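Comments concern the structure below.
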Amino acid sequence: MSQDESAGQRRRKKNVFLAWPLIRKLESLAFLAMFIAVPFFGYRVVDYTSRHLALNNAAHDLVKDIRKAKQMASELGIDISVESRQSTEGKSAAYVIRSGPRTLEEVVLPQGVSMIGEITFSKEGQPNHPATFDVHMDTRSLAIDVDQSGIVTLP
């Protein structure tokens, strides 16, 4: 029996030693999977952040331009409108600052950002009516309100 026991112990020892290369391979595969997965999730975070920033920057630029249009209307004594333009084939969405038929400035929005809204400031720098601009991208949107006295807010 002693020879059988020693042969069984040798087999067990041999199986234990054979398991180490398999364990090392599994460790390597797990490390490789993590190495591949981390950049994927990093890309998703960067993509989400860049989209969020594009929407916020577009909204803040619109607020500045509405305030500039109000100031220009009162200083120059002319009616000035800020109106959105939807994207068409070959052109991105934008908003246009104009006086009558003359375009003073056109601001092209970042890819994927669009907006809806329009306001006209009279010669005194007061809006003809309150207005709301809806700036949106995918499922997120921001509303920019202009009240009857011309105060622009971005909640």
Side-chain angles (χ1 to χ4, degrees), residues 1-73 80-99 103-121 127 129-155:
M1 279 243 204
S2 119
Q3 284 182 345
D4 288 338
E5 278 183 28
S6 64
Q9 286 176 349
R10 270 188 259 135
R11 272 192 233 128
R12 272 189 245 127
K13 285 183 180 179
K14 191 174 185 182
N15 287 341
V16 170
F17 287 118
L18 288 177
W20 279 107
L22 179 62
I23 291 171
R24 292 294 181 193
K25 288 178 183 175
L26 290 175
E27 285 177 343
S28 297
L29 286 174
F31 177 76
L32 183 63
M34 288 188 297
F35 191 73
I36 291 171
V38 168
F40 173 73
F41 289 113
Y43 170 75
R44 295 208 34 169
V45 168
V46 168
D47 183 53
Y48 175 80
T49 305
S50 66
R51 288 173 174 269
H52 181 74
L53 284 174
L55 179 66
N56 283 343
N57 289 341
H60 285 281
D61 288 344
L62 177 63
V63 168
K64 288 179 193 175
D65 287 338
I66 290 173
R67 289 178 180 156
K68 182 173 78 173
K70 177 183 174 185
Q71 183 180 2
M72 285 172 45
I80 294 184
S81 299
V82 179
E83 49 192 58
S84 63
R85 188 192 77 207
Q86 299 299 316
S87 62
T88 57
E89 192 174 312
K91 286 188 171 184
S92 296
Y95 60 93
V96 181
I97 301 171
R98 62 176 74 216
S99 174
T103 299
L104 302 174
E105 188 176 348
E106 180 176 0
V107 179
V108 177
L109 298 171
Q111 185 68 31
V113 176
S114 60
M115 80 172 46
I116 298 170
E118 177 181 347
I119 190 161
T120 301
F121 292 99
H129 54 80
T132 300
F133 286 83
D134 183 33
V135 184
H136 53 276
M137 174 182 235
D138 298 333
T139 57
R140 294 195 64 235
S141 67
L142 295 171
I144 298 167
D145 297 319
V146 183
D147 67 7
Q148 186 61 41
S149 61
I151 295 175
V152 183
T153 57
L154 174 63

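Predicted model, so just to flag it, every value in this text is computed and none were measured.
- Closest approach of Phe133 to Ile66, counting heavy atoms only: CE1-CD1, 3.6 Å.
- In this structure Gln86 satisfies the side-chain hydrogen bond (donor to acceptor under 3.5 Å, both in side chains) test with no other residue, sequence neighbours excluded.
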Scan the side chains in residues 103-120 for donor-acceptor partners under 3.5 Å anywhere in the protein, sequence neighbours excluded, and list what turns up.
residue : atom : partner : partner atom : Å
Glu105  : OE1  : Lys68   : NZ           : 2.7
Glu106  : OE2  : Arg85   : NH1          : 2.1
Glu106  : OE2  : Arg85   : NH2          : 3.4
Ser114  : OG   : His136  : NE2          : 2.9
Thr120  : OG1  : Ser81   : OG           : 2.9

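- Taking OG of Ser99 as the start and CD1 of Ile80 as the end, the distance is 5.5 Å to the nearest 0.5 Å.
- Using a 4.5 Å heavy-atom threshold, the side chains of Arg44 and Phe40 count as touching.
- Closest heavy-atom contact between Val152 and Arg67: O-NH2, 3.2 Å.
- Side-chain contact between Val82 and Val96: absent, with no pair of heavy atoms (C-beta onward) separated by less than 4.5 Å.
- Note on residues 146-155: pairs passing side chain to side chain donor-acceptor pair (under 3.5 Å), not counting sequence neighbours, are Asp147-Ser149.
- Listed by first then second residue, pairs satisfying side chain to side chain donor-acceptor pair (under 3.5 Å) with a partner in residues 53-62 read His52-Asn56, not counting sequence neighbours.
- Scanning for side-chain hydrogen bond (donor to acceptor under 3.5 Å, both in side chains) contacts around Thr132 gives Asp145, with sequence neighbours left out.
- The heavy-atom pair separating Ala73 from Phe121 by the smallest distance is CB-CB, 3.8 Å.
- Sorted by first and then second residue, the salt bridge (charged side-chain N to carboxylate O under 4.0 Å, His left out) pairs with a member in residues 49-59 read Asp47-Arg51, Arg51-Asp138; sequence neighbours excluded.
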Output, in order, the C-alpha distance, side-chain angles, deciding distance and verdict of side chain to side chain contact (heavy atoms under 4.5 Å, CB included) for Val146 and Ile151. CA-CA 6 Å; Val146 183; Ile151 295 175; over 6 Å; no
In a table with atom names and distances, give each donor-acceptor pair under 3.5 Å that connects a side chain of residues 28-36 to protein atoms at least two apart or in another chain.
residue : atom : partner : partner atom : Å
Ser28   : OG   : Arg24   : O            : 3.0

